[in-house]
Amino acid sequence: TVNSYKLHNGNHIPALGLGTYRMKTVEQLEPVVTQAIRSGYRLIDTAEVYKNEAALGTILERIFADASYEVQRKDLFITSKLSPQHQGYEKCYQAVIDSLNRLQLDYIDLYLIHWPGTSKTKLSDPRNQENRMASYRALEQLYNEGKVKQIGISNYTKGHLQHLLDHCTIVPHLHQFELHPCLHQPEILDLCKNHNIQIQAYSSLGEGKLIDGTVCINGLKEISSRYQQATTEAVVLLRWAIQHGWAIIPKSTSPQRVQQNATVWDIELSSKDMDLLDDVHKFQTHRFCWDSSEIY
Ligand code: A2P
């Protein structure tokens, strides 16, 4: 299908998804989720730690019951992620069952290990490596049982991923990590490419800081002015990822900006502008989210 990427198991993932971090209640989420569906988004990204799976479950139930949306369960792609505190075989297995129940679903399209560590503080815990491998084995089991249709990882460094590849039975279908012109991470990009692991960028807008003036990417304003009037710097950053073949999950609390981000399909960046954005990280490096490179 259009606007989707083929994963190494033959299934497709929508290239554009809606991130939901920091939106918790039905009241906050329903306007943006319903706008996203009406704007053509078919992927919703959540996580145990976002504490909004139950609210999303309620909203999804309403959407499936309302024929005007013209979407059924099979048309949507739902991602959730394992909380670091539930690393380990039994805890991970149960965490997925609990996510399924909160979301009121009988399968989840993609489940990721959210973070390579067992907590955000015990960085050098010697059990981190065996814990995350045990979690991954639970995901492989859930995949074989059909409860999870794709499995993957998030925030892994090259070292974490290489260890996983050396020990897994099922190569992860996807890796989600912070990726934008100011944080390029070529080593991990290459490793994913070599193993057919789909890349999904988070913080494409640097938590908003790449477009609100906090960090000014040289040339971005000029690039966006070269495209059709409605285009914004936000859409240019999203389009840059899409043209690389990376999936994106921009989030917004504003239905209007959710709709704007779906105009990523309306522009095509020239190869010159792609090159300009590709070079930004050589001069401007910024990480806005967690750095997992200290995790054993
Ligand atoms: P808001 O919720 O006020 O729209 P990221 O996905 O990189 O973490 O960025 C998300 C942030 O970017 C949110 O704070 C969101 O703020 C902002 N944002 C999302 N889409 C747009 C847009 N099209 N224009 C401006 N800001 C946006």
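Both ligands and their constituent atoms are indexed starting at 1 by order of listing. All of these numbers come straight from a predicted model, not from anything done at the bench.
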Check: Does the protein put any heavy atom within less than 4.0 Å of atom 16 (O) of ligand 1?
Finding: no
Next item on the list: Mind listing the closest non-hydrogen atom pair of Asp109 and Leu76 along with its distance?
Entry: OD2-O, 3.4 Å
Check: Taking the six-membered ring for Trp, is the centroid-to-centroid distance between His160 and Tyr296 below 6.0 Å?
Finding: no
Checklist line | Contact with ligand 1 for Gly19, non-hydrogen, under 4.0 angstrom | finding: no
Next item on the list: Kindly confirm or rule out an N or O of Gly206 lying under 3.5 angstrom from an N or O of ligand 1.
Entry: yes
Check: Does Ser252, backbone or side chain, put an N or O under 3.5 Å from an N or O of ligand 1?
Finding: yes
Item checked: The one among Val258, Thr232, Asn261, Ile211 that brings a heavy atom closest to atom 25 (C) of ligand 1 -> Ile211
Item checked: Mutual orientation of the aromatic rings belonging to His286 and Phe288 [parallel < 30°, tilted 30-60°, perpendicular > 60°] -> parallel
Notebook entry, point to check: So which of Cys289, Ser204, Ser292, Ser154 actually passes side-chain contact (heavy atoms from CB on, under 4.5 Å) with Glu178?
Noted result: Cys289
Next item on the list: Starting from atom 12 (O) of ligand 1, find the nearest protein heavy-atom neighbour and note its residue, name and distance.
Entry: Gly208 CA, 3.4 Å
Notebook entry, point to check: Which heavy atom of the protein is the closest neighbour of atom 14 (O) of ligand 1, given with residue, atom name and distance?
Noted result: Glu207 O, 3.9 Å
Next item on the list: Show which atoms of ligand 1 fall inside a sub-4.0 Å distance from at least one heavy-atom site of Ser203.
Entry: 5 (P), 7 (O), 8 (O)
Check: Looking only at side chains, do Thr118 and Asp125 share a donor and an acceptor under 3.5 Å apart?
Finding: no
Item checked: Tyr107 six-ring centre to Lys149 NZ/CZ under 6.0 Å and within 45° of normal -> yes
Checklist line | Closest approach of any protein heavy atom to atom 24 (N) of ligand 1, naming residue and atom | finding: Arg257 CD, 3.4 Å
Next item on the list: Name the closest protein heavy atom to atom 18 (N) of ligand 1, giving the residue it belongs to and the distance to 0.1 Å.
Entry: Leu205 CD1, 3.8 Å
Item checked: Closest non-hydrogen atom pair, Gln104 against Thr58 -> NE2-N, 3.8 Å
Checklist line | For atom 1 (P) of ligand 1, the option (of Ile249, Thr253, Thr263) bearing the nearest heavy atom | finding: Thr253
Check: What's the shortest heavy-atom distance between Ser252 and Arg257, and which atoms?
Finding: OG-CB, 3.4 Å
Checklist line | ligand 1 contact on Lys251 by region, counting heavy-atom pairs under 4.0 Å | finding: both
Notebook entry, point to check: Do the rings of Tyr50 and Tyr21 sit parallel, tilted or perpendicular, given the 30° and 60° boundaries?
Noted result: tilted
Note to self: I need the contact type for Ala234 against ligand 1. Using non-hydrogen atoms and a strict under-4.0 Å cut-off, is it side chain, backbone, both or neither?
What the structure shows: side chain
